[in-house]
J.: 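Quick one: this structure, given as structure tokens, is what I'll be asking you about.
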Amino acid sequence: MQHEKDAESGQQQPSAKGIGRREFLAMGSLLAVAPWFERLAAAAPEAASEAAAVQKPASLGYLEGSDLIGNLRSLPSDLRKLTVTSRGGTYTAGRRIVPAADLTSGDPALVGLPVRMTVHGLYPPAPSAAIPVAARPRSVDLDVFIPCPEMGLTATARYQAWSYRRLPAENHSARVSFLVWPDWVAVLALTARVVPADPRARPLLLHASFTPGGDPGRPKLLHGVYLLGLTPDAWADEVDLPDNPARVPADLLSVLISLSPEGVRIGNGK
């Protein structure tokens with residue numbers, strides 16, 4: 001497992017060349033443990049919050065045609081410029097979002113390969129007439145459960161990837177990008193803890209696990225762009241996004257996520 005900050009940070013990451021995948025993942029696991037100990041003091045309130053939350057399946061939408069967009073790491077957060085050049089021609093990805101759980105199948109070729117997951121932030125990215133600040137959730141915490149088969153057949157590591165706070169003033173994590181290795185048994189999964197704008201509403205705990213196969217009811221693992229809805233049924237139906245993100249209704253507010261294969265294995269890939 002490797003956590004790698006986005007390019008804007010300017011930090012150089014050590015090269016993994018010449019390191020076997022087992023050793024590489026073990027090193028990443030050790031690095032991930034250190035901040036975990038620092039968060040032990042906050043673990044009890046978080047666990048209590050999860051116990052009080054309404055647990056629901058997460059609603060993930062998939063942008064049709066986004067598998068043809070090569071560089072998803074620098075994807076514009078407003079999804080406006082989606083024109084790419086492919087095989088000598090120009091192609092513009094559509095603006096249709098389909099329920100990721102309703103797709104026929106994931107891509108089994110991604111299993112065992114390093115796949116880059118990037119959490120870009122909220123979509124739409126800025127307050128608008130349709131979604132004023134007061135209509136946004138009070139908080140969002142996104143955790144990614146990353147397969148770690150070297151630690152056990154079904155083992156995953158929990159990575160606290162991204163967060164948002166509306167009060168006392170809007171504050172959110174920077175875009176973050178890291179590598180995951182999808183697996184058939186230890187699944188790649190997401191959990192979003194959402195505290196709604198209405199102070200009378202109970203918190204939500206939204207969970208989804210990707211499948212590289214055709215498991216019904218689960219979002220399919222593909223190269224492309226996903227929108228993780230902050231309400232349970234945000235992407236239950238197909239939706240054509242408006243060209244102007246300021247017109248996106250409040251019930252479609254989401255976290256923008258992308259997945260793209262790195263194209264090379266680390267070491268021997270075992």
Side-chain angles (χ1 to χ4, degrees), residues 1-17 19-29 31-32 60-63 65-77 79 81-82 84 86 93 100 103 106-123 125 142-150 156-162 173-184 186-192 208-212 219-228 254-269:
M1 178 179 62
Q2 175 186 2
H3 302 325
E4 180 178 323
K5 289 295 184 184
D6 196 35
E8 286 90 332
S9 66
Q11 296 181 358
Q12 298 295 322
Q13 299 296 323
S15 172
K17 184 176 181 181
I19 302 177
R21 178 170 177 255
R22 181 180 300 274
E23 292 79 7
F24 185 82
L25 287 175
M27 290 168 59
S29 299
L31 290 173
L60 277 145
Y62 178 78
L63 178 64
S66 58
D67 57 316
L68 295 179
I69 304 174
N71 186 7
L72 291 176
R73 189 174 179 181
S74 58
L75 185 74
S77 58
L79 295 182
K81 298 179 181 178
L82 298 175
V84 296
S86 177
L103 296 170
D107 184 359
L110 296 179
V111 174
L113 286 175
V115 173
R116 181 168 297 283
M117 175 178 281
T118 302
V119 182
H120 299 267
L122 289 178
Y123 176 83
L142 176 64
D143 292 348
V144 181
F145 293 82
I146 302 172
C148 292
E150 281 75 8
T156 58
R158 180 174 181 170
Y159 175 38
Q160 297 173 315
W162 188 89
S173 302
R175 177 169 54 186
V176 63
S177 184
F178 49 94
L179 295 181
V180 299
W181 277 264
D183 190 81
W184 286 106
V187 298
L188 173 66
L190 305 171
T191 293
S209 59
F210 289 93
T211 174
K220 307 308 185 288
L221 180 72
L222 294 167
H223 170 199
V225 175
Y226 293 84
L227 289 172
L228 171 63
S254 300
V255 178
L256 178 61
I257 298 169
S258 65
L259 293 169
S260 57
E262 287 289 283
V264 294
R265 293 180 181 270
I266 299 297
N268 57 16

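Both backbone and side-chain heavy atoms feed into the values below; hydrogens, waters and symmetry mates do not. None of the values given here were measured: they were computed from a predicted structure.
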J.: Which residues pass the side chain to side chain contact (heavy atoms under 4.5 Å, CB included) test with Ala192, not counting sequence neighbours?
T.: Leu142, Val194, Leu206, Leu228
J.: Looking only at non-hydrogen atoms, find the nearest pair between Asp183 and Ala186 and report the distance.
T.: OD2-N, 3.1 Å
J.: Mind checking the OG-CG spacing from Ser66 to Leu72? Nearest 0.5 Å is all I need.
T.: 7.0 Å
J.: Output all residues satisfying side chain to side chain contact (heavy atoms under 4.5 Å, CB included) with Pro76, sequence neighbours left out; order by chain, then residue number.
T.: Asp78, Lys81
J.: Name all residues meeting the side-chain hydrogen bond (donor to acceptor under 3.5 Å, both in side chains) criterion together with Ser254; count only those two or more places apart in sequence or in a different chain, and write none if there are none.
T.: Trp235
J.: Looking at residues at least two apart in the chain, or sitting in another chain, which of them share a ring-ring contact (aromatic ring centres under 6.0 Å, His included) with Tyr226?
T.: Tyr62, Phe210
J.: Might you point out which heavy atoms bring Trp184 and Pro108 nearest each other, and give the distance in Å?
T.: CZ2-CB, 3.8 Å
J.: Could you check if a side-chain atom of Tyr123 sits within less than 4.5 angstrom of a side-chain atom of Ile257, using non-hydrogen atoms only?
T.: no
J.: Any side-chain heavy atom of Leu256 within less than 4.5 Å of one from Leu227?
T.: yes
J.: I need the Leu221 CG to Thr211 OG1 distance, nearest 0.5 Å.
T.: 8.0 Å
J.: Would you name the heavy atoms of Ser209 and Pro219 that are closest together and state the gap between them?
T.: O-CD, 3.4 Å
J.: Could you list the residues that satisfy side chain to side chain contact (heavy atoms under 4.5 Å, CB included) with Val115, not counting sequence neighbours?
T.: Leu110, Val180, Pro182, Leu259
J.: Does a side-chain heavy-atom distance below 4.5 Å link Asp107 with Asp67?
T.: no
J.: For the pair Arg175 and Thr118, evaluate side-chain contact (heavy atoms from CB on, under 4.5 Å) and give the outcome as yes or no after the intermediate values.
T.: CA-CA 7 Å; Arg175 177 169 54 186; Thr118 302; 3.7 Å; yes
J.: Determine, step by step, whether His120 and Ser258 satisfy the side-chain contact (heavy atoms from CB on, under 4.5 Å) criterion, reporting the C-alpha distance in whole Å, the side-chain angles of both residues, the deciding distance to 0.1 Å, and the verdict.
T.: CA-CA 8 Å; His120 299 267; Ser258 65; 2.9 Å; yes
J.: Name all residues meeting the side-chain hydrogen bond (donor to acceptor under 3.5 Å, both in side chains) criterion together with Ser173; count only those two or more places apart in sequence or in a different chain, and write none if there are none.
T.: Ser163
J.: Donor-acceptor pair, distance only, cut-off 3.5 Å: does the side chain of His223 make one with the backbone of Ile69?
T.: yes
J.: The criterion is side-chain hydrogen bond (donor to acceptor under 3.5 Å, both in side chains); which residues satisfy it with Thr156, sequence neighbours excluded?
T.: none
J.: Step by step, work out the side-chain contact (heavy atoms from CB on, under 4.5 Å) result for Leu188 and Val144.
T.: CA-CA 7 Å; Leu188 173 66; Val144 181; 3.9 Å; yes
